[in-house]
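Step one of this worksheet: look at the structure below.
In what follows, every chain begins at residue 1, and chains take the letters A, B, ... in the order their sequences are listed. Keep in mind that the numbers below use all heavy atoms, side chains included, and drop hydrogens, waters and symmetry copies.
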2 protein chains.
Amino acid sequence: MTGDDARTKAGHGRRGFLKAATLGSAAAVLRPSTLLGQPRSGRSLGEGVGGYGDRSPFETTLRRVRGSRYAQAAGSLTPLQNLNGSITPSALHFERHHSGIPEIDPSEHRLLIDGLVDRPLVFSLAELQRMPAVTRTYFVECSGNGRVKWSPAEPDTDAQAAFGMTSCSEWTGVPVSALLREVGASAGASWVVAEGADACRMTRSVPLDKAMDDTLVAYGQNGEALRPAQGYPLRLLIPGWEGNICVKWLRRLRVVDQSYLTREETAKYTDLMPNGEARQYTFVMDAKSVITRPSGGQQLDEPGFYQISGLAWSGRGRVQRVEVTTDGGRSWAEAQLQDPVLPLAHTRFRFDWSWDGSETTLASRCIDETGDVQPSRAALIAARGTQSSYHNNAVQGWRIGRDGRVENVDV
Amino acid sequence: MTGDDARTKAGHGRRGFLKAATLGSAAAVLRPSTLLGQPRSGRSLGEGVGGYGDRSPFETTLRRVRGSRYAQAAGSLTPLQNLNGSITPSALHFERHHSGIPEIDPSEHRLLIDGLVDRPLVFSLAELQRMPAVTRTYFVECSGNGRVKWSPAEPDTDAQAAFGMTSCSEWTGVPVSALLREVGASAGASWVVAEGADACRMTRSVPLDKAMDDTLVAYGQNGEALRPAQGYPLRLLIPGWEGNICVKWLRRLRVVDQSYLTREETAKYTDLMPNGEARQYTFVMDAKSVITRPSGGQQLDEPGFYQISGLAWSGRGRVQRVEVTTDGGRSWAEAQLQDPVLPLAHTRFRFDWSWDGSETTLASRCIDETGDVQPSRAALIAARGTQSSYHNNAVQGWRIGRDGRVENVDV
């Protein structure tokens, strides 16, 4: 059948409206009816109920370890190209550890809040869980996400390698503002130093205004307790800001009068600019997007209808618009956004497309509610040079070959 | 410190606003500062990065199997009392199987759509995944959820046993309306018969209007593929309607001109009323809520501040309001709802409360956007008798003893 056939048949009977085929060139993928035999899997009793479920053995998508000498000081990447919706399964949330994942007994873990406060206090997890809580869906993104894009495109780089250090979860925890009200911050307080309980004692300085705004001490992730790789039993969750500042295995918040200029905000997580100066306090993650289907390493079987799908996000607020090009950037059109579009969260976008079998390049760009537009790679490099590892939010292109193979390409 | 102490100290310095302690009687739970030594877990390198993450070995909450002779024809219950937010982890989504979980190779699975259609078609999973998709957060609830409430309250029944056959996921799939437009439903089409690929070939009749409205053929759950216990690789997802009609391991949609009066809509999943007649087509799940913290089997350690937290939902649309009583039903007050409040999804509610150490009873009631109010157990039984297994949405009470123990009680 073709779209024209379907339209010709439309309009008959009470439910004739059902006859208007909508996919046009998708027709080629729909095969004629065949009798369905009872498959082997349905001929006998299956597995019974169980305590904690596994995924299907046919599902094998994994995080991929980014090359590193030590697994304890490495990163792993979320397989964005294999996921649906906007939530990242906790088991596939990207990782970046600086001295491995400590195994913490939650009944022994404590959070100390001290420094410029009236009443330094220590909280157990049970005490935190009695306090007023909020649940919010936020992305967490490594500021090194997109670092491969500072170099010219390698054809074999896929969505996981290009942009797989971002993930999105439903987090539950106590607002830091409620905790700081309990301890009573003193005059002069203007920063908070957060410290982790891992072997390197990861330490970052957080401006007090952001801590008082929307920052959480999170204990819940996607319904369950935090996963160990995400800071079990407590992590600082600073919405929209670079992942490294969202200190995992959080053990201390010290209220202070200045930034502490830790290694993680001086030697690391700053960006060397063309003029030799470093950008410091590049907290906010910029507007970004990536098409995840079709994307690098995937294969289009034949010409026809394919719905393009991807993710967009911005550390400045809501995604306002995502534009997609299917002709290598000559023209751009607006994609559909899956609602609800939540601030500081991954937003799924979709774009209906028919591939005619010729070579072309797909790409997306995100525009956030502040008007921030995801830049081309050329524009980003013109402004920032190539001496940084961090904060590359350039547009990601995917070239479709005549053979249907999808490859990474600069646009 | 006490709340009064905190208020006395408020108002000093530039950030004096931070000094107003908000928790009042929570003071008792906050202990004075102690020096934090480096815990053993942080003295050496921890675990490295990995492909697919596990939860902490300290987290042991499980689904609980509801008594049954055969695990393949049993149910398991979500541990609502141990969860945060509104998403249920896929590994803890409740189960109800009629002949076990078939192990299906997704590359071999097919969906046949035939019957009163112009063009019967068979879809592979890959073909469905090229089509226009949507992602929606919906609860799925067994119509037998709450069945224990037809009998007088057993003190030891906890939230999992009382209401654990409801779960909520982010589902991704193809609208059935798009599929029916492809096949072209004929004149006279008014129902769709859905059939599963499990050994019992679970079969339910679905009114065409609902199928065309918001029903999905889902392949994604919480980012990943569906879990096997939830219908991998395809399930029918009929938002707000009883779980049994959301046919798992979906293999066929047959467009027909009448309900097929299957076992699952005649002998089962109907409710025997006091007058001897059965309610049939009790598709919609009514307004419901349950306090999950504090709840049955939990223990309050001492008087003081406890934020009450729970879940509310309705098959008729959005939760509009949740009311909480902390005095056994003499007075009710409005709880906070966690936004976004999504239609046909679990909504987390919270209510600030200080326990004075005396015996009392907590309960919640849900009011949905249609004005439907969750009834008391007495009112429900007056209307429906006690001869049914299904659709009990009565208010759930939890009695707090002087010793802080929480028990199930009728209110």
Side-chain angles (χ1 to χ4, degrees), chain A residues 13 15 18-19 22 29-30 33 36 41-42 45-49 51-53 56 59 62-63 71-72 74 76 83-85 87-89 91 95 99-104 112 119-121 127 130 132 135 170 172 180-181 184-185 187 197 220 222-225 227-229 232 306-307 338 340, chain B residues 1 13 15 18-19 22 29-30 33 36 41-42 45-49 51-53 56 59 62-63 71-72 74 76 83-85 87-89 91 95 99-104 112 120-121 127 130 132 135 170 172 180-181 184-185 187 197 220 222-225 227-229 232 306-307 338 340:
Chain A
R15 293 185 184 272
L18 289 183
K19 300 184 183 180
T22 57
V29 309
L30 305 177
S33 171
L36 284 183
S41 58
L45 292 177
E47 284 295 306
V49 296
Y52 195 77
S56 164
E59 294 296 313
L62 294 175
R63 292 182 295 215
Q72 293 96 340
S76 74
L83 300 181
N84 305 296
I87 295 290
T88 308
E95 299 167 288
S99 53
I101 308 168
E103 185 176 289
I104 297 178
L112 167 65
R119 298 171 298 280
L121 291 169
E127 287 162 352
R130 288 170 57 176
T135 298
E170 189 202 75
T172 297
L180 292 182
R181 286 195 186 95
N222 294 335
E224 294 177 284
R227 286 299 175 98
Y232 180 85
Y306 292 83
Q307 189 178 53
Q338 177 68 63
Chain B
M1 106 112 210
R15 294 185 183 274
L18 289 183
K19 300 184 184 182
T22 56
V29 309
L30 305 177
S33 171
L36 284 183
S41 59
L45 292 176
E47 283 296 306
V49 296
Y52 195 78
S56 164
E59 294 297 316
L62 294 175
R63 292 182 294 213
Q72 294 96 337
S76 74
L83 300 182
N84 305 296
I87 295 289
T88 308
E95 301 166 287
S99 53
I101 308 168
E103 184 176 288
I104 297 177
L112 167 65
L121 291 169
E127 288 163 350
R130 287 170 57 177
T135 298
E170 188 202 76
T172 297
L180 292 183
R181 285 196 186 92
N222 294 335
E224 295 177 285
R227 287 299 176 99
Y232 180 84
Y306 292 83
Q307 190 179 53
Q338 177 68 62

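Using a 4.5 Å cut-off between heavy atoms, B:Ser41 touches chain A through backbone and side chain atoms alike. Neither the backbone nor the side chain of B:Ala229 comes within less than 4.5 Å of any heavy atom of chain A. Interface residue B:Glu103: backbone and side-chain heavy atoms are both found under 4.5 Å from chain A. Within the 4.5 angstrom heavy-atom criterion, atoms from both the backbone and the side chain of A:Tyr52 approach chain B. For B:Pro89, the parts lying under 4.5 angstrom from a heavy atom of chain A are both the backbone and the side chain. Heavy atoms of A:Gln338 lying under 4.5 Å from chain B belong exclusively to its side chain. In this structure, the portions of A:Thr135 lying under 4.5 Å from any heavy atom of chain B include both its backbone and its side chain.
Looking at every heavy atom in both residues, B:Ser76 comes nearest to B:Glu95 through OG-OE1, 2.5 Å.
To the nearest 0.5 Å, atom CD of residue A:Glu47 and atom CD of residue B:Gln72 are 8.0 Å apart. Distance check: A:Asn84 CG to B:Glu224 CD gives 9.5 Å after rounding to the nearest 0.5 Å.
Heavy-atom pairs under 4.5 Å with chain B were tallied for A:Val49, A:Leu45, A:Thr172, A:Leu62; the largest tally goes to A:Val49. Note: A:Gly85 leads A:Ala225, A:Ala74, A:Gly85 in heavy-atom pairs under 4.5 Å with chain B. By number of non-hydrogen pairs under 4.5 angstrom with chain B, the leading residue of A:Pro228, A:Pro340, A:Gly220 is A:Pro228. The candidate with the highest count of non-hydrogen atom pairs below 4.5 Å against chain A, out of B:Ala71, B:Gly48, B:Ala91, is B:Ala91.
Residue B:Glu59 qualifies as enclosed at atom CD: its count of foreign heavy atoms under 6.0 Å is above 12.
Partners of A:Thr88 according to the side chain to side chain donor-acceptor pair (under 3.5 Å) rule, which considers only residues two or more places apart in sequence or in another chain, do not exist here.
The shortest side-chain heavy-atom distance between B:Asn222 and B:Ile87 falls under the 4.5 Å cut-off.
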